[in-house]
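Since the structure comes first, as structure tokens, the remarks are kept for the end.
The figures here come from the full heavy-atom set of this structure, side chains too, leaving out hydrogens, waters and symmetry mates.
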Amino acid sequence: MSAAAVKAAPGVPDAGRWKALVFIALAQLMVVLDSTIVNIALPSAQQDLGISDGNRQWVVTAYALAFGGLLLFGGRIADLWGRKRTFVVGLIGFALASALGGAATNEAMMFGARALQGAFGALLAPAALSLLAVTFTDAKERAKAFGIYGAIAGGGAAVGLILGGFLTEYLDWRWTFFVNIPFAAVAAAGAWFVVHEPEGSRNRSTLDIPGVILSTLGLVALVYGFTRAESEGWSDPTTIGMFVASAVLLLTFALVESRVRAPLLPLRVVADRTRGGIYLSLGLAIIGMFGLFLFLTYYLQIVKGYSPVKTGFAFLPMVAGMITGSTQIGTRLMTRVAPRFLMGPGFLVGAVGMLLLTQLEIDTSYAAVLLPGMLLLGLGMGTAFMPAMSMATQGVRPQDAGVASAMVNTSQQVGGAIGTALLNTIAASATASYLTDHIGGATSRSQQQLVQLQAQVDGYTSAIWFAVGILVAAGVIALTLVNAGRPGSGQVAGSGTGEGAEDELLVPVIAH
């Protein structure tokens, strides 16, 4: 019998699960690496392809719309097709879309490639996370696996920032897309031969087509509404129309899901207090994080004059903090303390790091302000994210693991879109206000340039203050809503057998 034909028996851990983790984590590494690489390469790609400042955001937005809008559908496809098959298809499609982006000759080709990357990412991301959920069912092994997964994801941010800087500065921005191809090839080949799903973990129910249409359109409208608010303003009629349409579509989606026999998103997945609290607090935390990455990138390159490579290295302390928080704090304490006592304090430590970054000035010392701020932010986020990712898929039916994983990614993606639009709008408003108040006193060209730089920094710090408040809110929500107790050493999500398994058989061994 070939390796690909072997499947894990119900209730028996797969002997090759740790090898499988390598290829699942490699795929996650590629996705994270891609997002950070694109941020570093964006200024060069914009200039080379002649993309206007007004359209620049579509390099990010095209990806976000496709990824955020299709995540629930991707999660359900993973449950229906099988997570391994969905995972491999997602990897191959992501690689082909990356090749198209690297070969782009104009902005339309680039935007199309980014949308395709987002669509295949919507298949890949929930399949990867749900494979972990159904493969690692022992609480201690699960904590270790999610810690490693989180650390590699954090390491991907470091690799992306540094590799993106080197490729952009010494080769060409196009290589920041082409580099995904070998990652995807190795991960797909390894997954095909090593990854095995437990028997009886698929959800073969009829696909909920109305749910797919309503959720996709609702999420796309929501993400686009926030994106348009950034460029056109919150009072723009189309922006308001997008928010209204999103509310109507998503409320209709919830109503449909409560009535159909085989819903796209079973409401039991989000109705659980702990999972609901995790989705909400993760979304809020990402709102704060996403805007900050963009602000710091532009602060370091435009205000401080860092090269792309130097900018990548400047972010390393944040990534080191994430890896440390995930593997040395989150993993070690996950089976000893309740998740809320990791998530809540983790978000609050991140808020303290963010608070330090509100002190940015044109001549701010990297060692005195940026270094400790990024270390604390990374440490807090790594500590909080690790138990959040694990608990978000714990206690669900194996047949729901894909859609539960998709909800984790949806909260992050929607949070990222909201964060980019909301914080950029706040920053732009503060920058414009500062210029209005101070540009009149600048008599020489050098003074005007100085005022413009100071206005940008004032915009960044104003937005970061809002991010501090958002992270504090995420910490409070985690402490109050995430009420699951300390995971025991028994079986957790994914240990059920068969499609009709009852919820009671799949509840993790936890003390409430």
How long is the straight-line distance from CE of Met242 back to CG of Asp236, given to the nearest 0.5 Å?
10.0 Å
Hey, does Leu360 have a side-chain heavy atom less than 4.5 Å from the side chain of Leu370?
yes
Would you confirm whether Thr431, through its side chain, and Ala455, through its main-chain N or O, come within 3.5 Å as a donor-acceptor pair?
yes
So, do Leu356 and Leu377 sit near enough that their side-chain heavy atoms are less than 4.5 Å apart?
no
Can you confirm if the aromatic rings of Phe295 and Tyr299 lie within a centre distance of less than 6.0 Å?
no
Identify the heavy atoms of Ala20 and Val194 that sit nearest to each other, and give their distance.
N-CG1, 3.5 Å
Show the numbers, then the answer: is there a side-chain contact (heavy atoms from CB on, under 4.5 Å) between Val451 and Tyr434?
CA-CA 8 Å; Val451 169; Tyr434 188 95; 4.3 Å; yes
Evaluate the side-chain contact (heavy atoms from CB on, under 4.5 Å) criterion for residues Glu361 and Gln454: first the C-alpha distance (whole Å), next the side-chain angles of each, then the deciding distance (0.1 Å), finally the verdict.
CA-CA 7 Å; Glu361 298 286 350; Gln454 186 59 55; 3.4 Å; yes
Under a 4.5 Å cut-off applied to non-hydrogen side-chain atoms, are Leu91 and Met30 in contact?
yes
Pairwise side-chain contact, Leu219 with Leu71, heavy-atom cut-off 4.5 Å (strictly under)
no
When every non-hydrogen atom of Ala367 is compared with those of Pro372, the smallest separation belongs to O-CD, 3.3 Å
If you measure from OG1 on Thr216 to CG on Leu72, what distance do you get to the nearest 0.5 Å?
7.5 Å
Between Arg445 and Gln448, is any side-chain donor less than 3.5 angstrom from a side-chain acceptor?
no
For a 4.5 angstrom cut-off between non-hydrogen side-chain atoms, does Phe183 reach Phe94?
no
Separation between CG of Leu264 and CZ of Arg76, rounded to the nearest 0.5 Å:
7.5 Å
Can you tell me if Thr327 uses its side chain to pair, donor with acceptor, with the backbone of Ile323 under 3.5 Å?
yes
Please check this pair: side chain of Arg114 against backbone of Val59, looking for a donor-acceptor N/O pair closer than 3.5 Å.
yes
Hey, could you give me the CZ/CZ distance between Phe120 and Phe67, rounded to the nearest 0.5 Å?
13.5 Å
If we ignore hydrogens and angles and just use 3.5 Å, is the side chain of Arg174 paired with the main-chain N or O of Ala104 as donor and acceptor?
yes
At their closest point, which heavy atom of Ala62 faces which heavy atom of Phe111, and how far apart are they?
CB-O, 3.5 Å
Would the number of heavy atoms belonging to other residues, nucleotides or ligands and lying under 6.0 Å from CZ of Phe466 be above 12?
no
Would you call the rings of Phe347 and Phe385 parallel, tilted or perpendicular, taking 30° and 60° as the class edges?
perpendicular
Does atom CH2 of Trp175 have more than 12 heavy-atom neighbours from other groups under 6.0 Å away?
no
4.5 Å side-chain heavy-atom contact, Leu357 and Tyr460:
no
So do the side chains of Thr364 and Val303 get within less than 4.5 Å of each other, counting heavy atoms only?
no
Output for pair (Leu282 CG, Met343 CE), nearest 0.5 Å, gives 5.5 Å
Just how far is it from atom CG of Leu217 to atom CG of Leu222, taken to the nearest 0.5 Å?
12.5 Å
Please check this pair: side chain of Gln117 against backbone of Ala97, looking for a donor-acceptor N/O pair closer than 3.5 Å.
no
Criterion side-chain contact (heavy atoms from CB on, under 4.5 Å) on Leu300 and Lys310, from CA distance to verdict
CA-CA 9 Å; Leu300 291 171; Lys310 191 174 180 180; over 6 Å; no
Step-by-step side-chain contact (heavy atoms from CB on, under 4.5 Å) determination, Phe193 to Phe23:
CA-CA 10 Å; Phe193 291 104; Phe23 297 106; over 6 Å; no
Which heavy atom of Ala99 sits nearest to which heavy atom of Ile181, and what is that distance?
CB-CD1, 3.8 Å
Residues Ser246 and Ala221: closest non-hydrogen pair is CB-CB, 3.9 Å
Heavy-atom donor-acceptor pair, Ser429 side chain to Ile426 backbone, under 3.5 Å:
no
Does the Ser215 side chain pair with the main chain of Val212, one donor and one acceptor, at a distance under 3.5 Å?
yes
Looking only at heavy atoms, what is the nearest atom pair of Leu124 and Ala27, with distance?
CD1-CB, 4.2 Å
Is any side-chain heavy atom of Thr383 less than 4.5 Å from a side-chain heavy atom of Val349?
no
